[in-house]
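Input: a single structure, listed below in structure tokens.
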Amino acid sequence: MADAGTLHNAFVEELRDTYDAEKQLMKALPKLAKAARSPELRDAFESHLEETREHAERLERVFENLDEKVRGKHCDGIAGIIEQGKS
């Protein structure tokens, strides 16, 4: 059975990965909204941006409650999705 420290560390690493994904999205979504050709798609990107900001704020509170530093661990998965979205 894994010890509590190991589980805590794994949990924090996953939170950092998620936090980085949210921060990457916060940079990408305005660009995607600007590039959108349909008003509905633009609105969807802008709505998603607001939700993403809320997610990042929640994660920052979680880090604070855990007495952990708020920093992202680079999320390659979302970086790939964003790269595809550019085309």
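Atom CG in Leu59 sits 6.0 Å away from atom CZ in Phe63 (nearest 0.5 Å). Here the NZ atom belonging to Lys23 is positioned 15.0 Å from the NE2 atom belonging to His74, to the nearest 0.5 angstrom.
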Exercise. When you look at Glu64 and Arg61, which way does the salt bridge (Lys or Arg N to Asp or Glu O under 4.0 Å) test go after all the steps?
Worked result: CA-CA 5 Å; Glu64 184 178 318; Arg61 289 193 300 271; over 6 Å; no
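Taking the charged nitrogens against the carboxylate oxygens, Arg16 and Glu68 do have a contact shorter than 4.0 Å, which makes a salt bridge.
For the pair Glu60 and Tyr19, the minimum side-chain heavy-atom distance is below 4.5 Å.
Not counting sequence neighbours, the partners of Glu54 by the side chain to side chain contact (heavy atoms under 4.5 Å, CB included) test are Arg58. Residues forming a side chain to side chain contact (heavy atoms under 4.5 Å, CB included) with Val62 (at least two apart in sequence, or on another chain): Leu15, Leu66.
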Between side-chain atoms of residues 24-44 and protein atoms elsewhere (two or more places apart, or another chain), which donor-acceptor pairs fall under 3.5 Å?
{"from": "Gln24", "atom 1": "NE2", "to": "Asp20", "atom 2": "OD2", "distance (Å)": "2.5"}
{"from": "Gln24", "atom 1": "NE2", "to": "Cys75", "atom 2": "O", "distance (Å)": "3.2"}
{"from": "Ser38", "atom 1": "OG", "to": "Leu41", "atom 2": "N", "distance (Å)": "3.1"}
{"from": "Arg42", "atom 1": "NH2", "to": "Ala36", "atom 2": "O", "distance (Å)": "3.4"}

